[in-house]
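What's counted below: heavy atoms across the whole structure, side chains too, no hydrogens, waters or symmetry copies. The chains referred to below are lettered A, B, ... by the order of the sequence lines, with proteins before strands, and numbering in each begins at 1.
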Number of protein chains: 2
Amino acid sequence: MASLRNTERQTDDETLVETPDLEEFIGYNLKRAYVIVQADFRRALGEDGFAPRVFSALSLVVQYPNVTQSGLARMLGIERSGLVAIVDELERRGLLKRTHVPGDRRVQALVPTDKGAKAYAEARAAVRAHEDALFADLSGDEKATLIGLLAKIRAHEG
Amino acid sequence: MASLRNTERQTDDETLVETPDLEEFIGYNLKRAYVIVQADFRRALGEDGFAPRVFSALSLVVQYPNVTQSGLARMLGIERSGLVAIVDELERRGLLKRTHVPGDRRVQALVPTDKGAKAYAEARAAVRAHEDALFADLSGDEKATLIGLLAKIRAHEG
DNA sequence: TATTGTTATACTCTATAACTATA
DNA sequence: TATAGTTATAGAGTATAACAATA
């Protein structure tokens, strides 16, 4: 038997009583928690609602109008190629427009439509309601602490 | 403009200075943090190392020998069908065996091999080293707090 | 009828590489 | 040469539905 850790202890009948190793790992807990949150996000936004990544993209386009696709991909931490389908969906739904900028005809600046800004405001309210309900058993302090600790992990981004 | 929240404020030159909405959402921060952790996990375990879900499955098989596939799937929170490829890989690598149990010939109890137990002990050490390094800027208290808060979210499992 | 393990299948998310049009 | 957007493609990871064997 390998080294004993604080979560394992020998009982007098030689049975090993354990908290499973996995529960010690931050990565495992992060994954399991995220599965719950994203499932509830999808349920809350409904069949025709935004997927998390589409909501995130729309959020940034509304808050940073004229962002380029490359810039948006960088902000989201995904590849440019992966962003195309997301922007396609938002454009197809009439929530943003690809526009050419004078001076560099390569770039496509993304501009939210009025419909897009309105849809985002509604979706944001729905997401806030979903998080308020799902995390009702966490205090405001706990939620702030959690976000702060996740931000410390996110400091390793890039 | 929709309602102002505490992260948005009007400045005297009419510019909206913001912490982007996304940063307020626990779900978004969870996702971004998990992406970092799982990427570092894979980097740390290397080309021929275990993927996170394979490591998790092996961990449970070692700690709960004779667990059935259905039981393991339930513990991992995935479907039985999704477990087949994971168990196939672990069996192919000689780390566990599917064994029939007397009394119910439907079930396949999963038993770690000696090689599997040893491989798990080594992988567990590698994962601990990866987390220790990646989370070196978090105190022990912070790590415990984080796991506790994630556990509160995980209380919504099932 | 219900359950275990399995297969077939599809869908989402993501990445890599290569292409085009510009710069 | 380098960059922005795009396309083609592939690989994880996961789910649903149906099947055979067994209970």
d([atom1], [X]; [atom2], [N]) in whole Å:
{"X": "Leu110(B)", "N": "dT4(C)", "atom1": "CG", "atom2": "P", "value": "13 Å"}
{"X": "Tyr34(A)", "N": "dC13(C)", "atom1": "OH", "atom2": "P", "value": "8 Å"}
{"X": "His100(B)", "N": "dG5(C)", "atom1": "NE2", "atom2": "P", "value": "10 Å"}
{"X": "Asp104(A)", "N": "dA4(D)", "atom1": "CG", "atom2": "P", "value": "8 Å"}
{"X": "Leu83(A)", "N": "dG5(D)", "atom1": "CG", "atom2": "P", "value": "9 Å"}
{"X": "Ile36(B)", "N": "dT14(C)", "atom1": "CD1", "atom2": "P", "value": "14 Å"}
{"X": "Lys97(B)", "N": "dG5(C)", "atom1": "NZ", "atom2": "C1'", "value": "19 Å"}
{"X": "Lys31(A)", "N": "dA12(D)", "atom1": "NZ", "atom2": "P", "value": "15 Å"}

Base, sugar-phosphate alone, or nothing: which one does [X] contact when heavy atoms must sit under 4.0 Å apart?
{"X": "Val84(A)", "value": "base"}
{"X": "Ala51(A)", "value": "sugar-phosphate"}
{"X": "Glu79(B)", "value": "base"}

Counting heavy atoms from C-beta on, name the nucleotide in [options] closest to the side chain of [X].
{"X": "Val107(A)", "options": "dG5(D), dG13(D), dT6(C)", "result": "dG5(D)"}
{"X": "Gln69(B)", "options": "dA23(C), dG13(D), dT6(C)", "result": "dT6(C)"}
{"X": "Ile78(B)", "options": "dC13(C), dT6(C), dA15(D)", "result": "dA15(D)"}
{"X": "Pro52(B)", "options": "dT22(D), dG5(D), dG13(D)", "result": "dG13(D)"}

Phosphate oxygens OP1/OP2 of [N]: is one of them under 4.0 Å from a side-chain N or O of [X]?
{"X": "Arg74(A)", "N": "dA4(D)", "result": "no"}
{"X": "Ser70(B)", "N": "dT3(C)", "result": "no"}
{"X": "Arg80(A)", "N": "dA17(C)", "result": "no"}
{"X": "Arg105(B)", "N": "dA21(D)", "result": "no"}
{"X": "Gln38(B)", "N": "dA12(D)", "result": "no"}

Below 4.5 Å, heavy atoms only, C-beta onward: do [X] and [Y] meet side chain to side chain?
{"X": "Ile153(A)", "Y": "Leu146(B)", "answer": "yes"}
{"X": "Val37(B)", "Y": "His130(B)", "answer": "yes"}
{"X": "Arg128(A)", "Y": "Asp21(B)", "answer": "yes"}
{"X": "Asn66(A)", "Y": "Val111(A)", "answer": "yes"}

* Structure fact -> DNA chain D nearest-nucleotide lookup for Arg53(B) and Gly82(A): closer to the 5′ end is Gly82(A)
* **Residue whose nearest DNA chain D nucleotide is more 5′ - Arg106(A) or Ser81(A)** => Arg106(A)
* Presence of salt bridge, Glu131(A) and Lys143(A), under 4.0 angstrom ->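 Between Glu131(A) and Lys143(A) there is no salt bridge, as every charged N stays at least 4.0 Å from the carboxylate O atoms.
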* Between Asp88(B) and Arg42(A), just flag the one whose closest nucleotide in DNA chain C comes earlier from the 5' side. => Asp88(B)
* Using 30° and 60° as the class limits, which term best fits the ring planes of Phe55(A) and Phe50(A): parallel, tilted or perpendicular? -> tilted
